[in-house]
Amino acid sequence: MQTDDFQKFHEGIAGVMGFYGKSVSTFALDVWWTALKRYDLAAIVDAFNRHLANPDAGQFAPKPADIIRMLQGSTQDAALRAWAKVDQAVRQAGTYCDVVFDDALIHRVIHDMGGWIALGTKAEDEWPFVAKEFENRYRGFCSRSERPHYPATLIGIAAAHNNLKGFRNDRPLLIGNEQLAKQVLHGGADQPALGLKRMSDGLDEAIGEGLHSRNGQAKYERKAG
């Protein structure tokens, strides 16, 4: 959540506790906020709704641990659904062509795992370990409510070859919901996930002068000693 979500979060907690005939102290609200602030507000609302409708636990007022359990379960479900799309795409479309999924987070996780082409080089006996790594990475982003930069397109073997030869590439294959995949395509960034930049000449000179001054000071101190 963002700081701007605090008022809505406060009102939501007060409303839920009021449903159970309980009030919320400032201390309790701080505990709730600290426990849940790393999650997305919409996901928190969904978790509360599922707790209220739970036939076993819904009769009791929720504690932060109850909602976190709901949230972590939902992130696991989301990760499994995302991996099912990836697994099906690799098996049916392969990694020869470019692809765009309808979930931007899939792009970022695959990018962090080495890319679309690298995914296609995994042997069948490696696949369960690849699936587990994907799910853990995906859940990590979800649990922290991160919206990281991601590549607009997952480059396949054909496009990589064409780029080297200067040939034109075919349009990417859209995976999942077409409209959402187009939004992912237009919202992607060409910049790398990890920023890399060469040191500027001015900064290089400044560092050199600093080292020279430090060495001179050290020589002076040795003579004075």
Side-chain angles (χ1 to χ4, degrees), residues 1-2 38-43 46 71-200 203:
M1 289 185 288
Q2 306 297 322
R38 68 180 185 274
Y39 297 101
D40 184 72
L41 181 60
D46 178 68
L71 287 165
Q72 290 179 339
S74 64
T75 60
Q76 176 66 25
D77 294 340
L80 290 173
R81 288 194 299 269
W83 174 250
K85 290 181 184 179
V86 174
D87 178 67
Q88 186 176 9
V90 171
R91 296 181 186 279
Q92 294 186 1
T95 56
Y96 191 79
C97 61
D98 295 357
V99 295
V100 177
F101 286 87
D102 59 358
D103 181 351
L105 200 51
I106 291 178
H107 284 222
R108 176 55 187 266
V109 172
I110 291 178
H111 171 79
D112 289 351
M113 291 175 63
W116 184 239
I117 297 175
L119 199 63
T121 65
K122 304 298 182 181
E124 191 66 29
D125 60 346
E126 297 178 275
W127 211 233
F129 302 101
V130 175
K132 183 58 64 177
E133 180 185 356
F134 177 93
E135 291 163 13
N136 288 338
R137 288 177 179 270
Y138 191 98
R139 288 188 65 187
F141 282 118
C142 287
S143 65
R144 296 188 298 271
S145 299
E146 287 189 51
R147 296 175 178 82
H149 293 295
Y150 64 91
T153 304
L154 294 176
I155 303 298
I157 298 171
H161 174 77
N162 290 340
N163 289 339
L164 289 175
K165 300 294 184 179
F167 298 151
R168 182 178 179 181
N169 291 316
D170 294 330
R171 293 182 178 179
L173 181 66
L174 303 181
I175 307 294
N177 182 285
E178 180 180 351
Q179 294 303 318
L180 292 178
K182 288 180 179 179
Q183 292 177 19
V184 170
L185 177 63
H186 294 305
D190 294 330
Q191 65 188 67
L194 178 64
L196 300 173
K197 185 178 181 181
R198 288 192 179 278
M199 183 187 300
S200 65
L203 183 58

**OP:** Can you see which heavy atom on Asp103 is nearest to which on Ala82, and at what distance?
**Re:** OD2-CB, 4.3 Å

Original post:
Is Arg108 reaching over with its side chain to a backbone N or O of His149, donor-acceptor style, under 3.5 angstrom?
Top reply: yes

Original post:
Can a salt bridge be assigned to the pair Glu135 and Arg139 using a cut-off of 4.0 Å between side-chain N and carboxylate O?
Top reply: no

Subject >> Salt bridge flag under 4.0 Å for residues Asp102 and Lys182 >> reply: no

Original post:
Side chains of Tyr150 and Asp112: do they bring a donor and an acceptor to under 3.5 Å?
Top reply: no

Subject >> Check: Lys132 main-chain N/O paired with Asn136 side-chain donor or acceptor under 3.5 Å >> reply: yes

**OP:** Apply salt bridge (Lys or Arg N to Asp or Glu O under 4.0 Å) to Arg81 and Asp77, showing your working.
**Re:** CA-CA 6 Å; Arg81 288 194 299 269; Asp77 294 340; 5.0 Å; no

Original post:
Should Glu133 and Lys122 count as an ion pair when the cut-off is N to O under 4.0 Å?
Top reply: no

**OP:** Applying side-chain contact (heavy atoms from CB on, under 4.5 Å), run through Val86 and Leu119 and close with a yes or a no.
**Re:** CA-CA 10 Å; Val86 174; Leu119 199 63; 3.6 Å; yes

Original post:
What closest approach, in Å, do Asp125 and Pro128 show between heavy atoms, and which atom pair accounts for it?
Top reply: O-CD, 3.7 Å

Original post:
Is there a side-chain contact (heavy atoms from CB on, under 4.5 Å) between Val130 and Trp83 once you walk through the steps?
Top reply: CA-CA 10 Å; Val130 175; Trp83 174 250; 3.8 Å; yes

Subject >> From CA spacing to verdict: side-chain contact (heavy atoms from CB on, under 4.5 Å), Phe101, Val184 >> reply: CA-CA 7 Å; Phe101 286 87; Val184 170; 6.0 Å; no

Subject >> Non-hydrogen side-chain atoms of Asp40 and Cys142 separated by less than 4.5 Å >> reply: no

Subject >> From CG (Leu105) to CZ (Arg137), nearest 0.5 Å >> reply: 11.5 Å

**OP:** Verify the ring-centre separation between Phe134 and Trp127: is it less than 6.0 angstrom?
**Re:** no

Subject >> Qualifying residues under side-chain contact (heavy atoms from CB on, under 4.5 Å), relative to Leu173, sequence neighbours excluded >> reply: Ala93, Cys97, Val99, Ile175

Subject >> Rounded distance [0.5 Å steps], CG in Leu185 versus CG in Leu180 >> reply: 12.5 Å

Original post:
Atom CD1 of Ile155 and atom CG of Asp98: how far apart are they, to the nearest 0.5 Å?
Top reply: 4.5 Å

**OP:** Taking all heavy atoms of Trp116 and all of Gly156, pick out the closest pair and write down the distance.
**Re:** CD1-CA, 4.0 Å

Subject >> Smallest separation among heavy atoms of Pro172 and Thr153, with atom names >> reply: CB-CG2, 4.0 Å

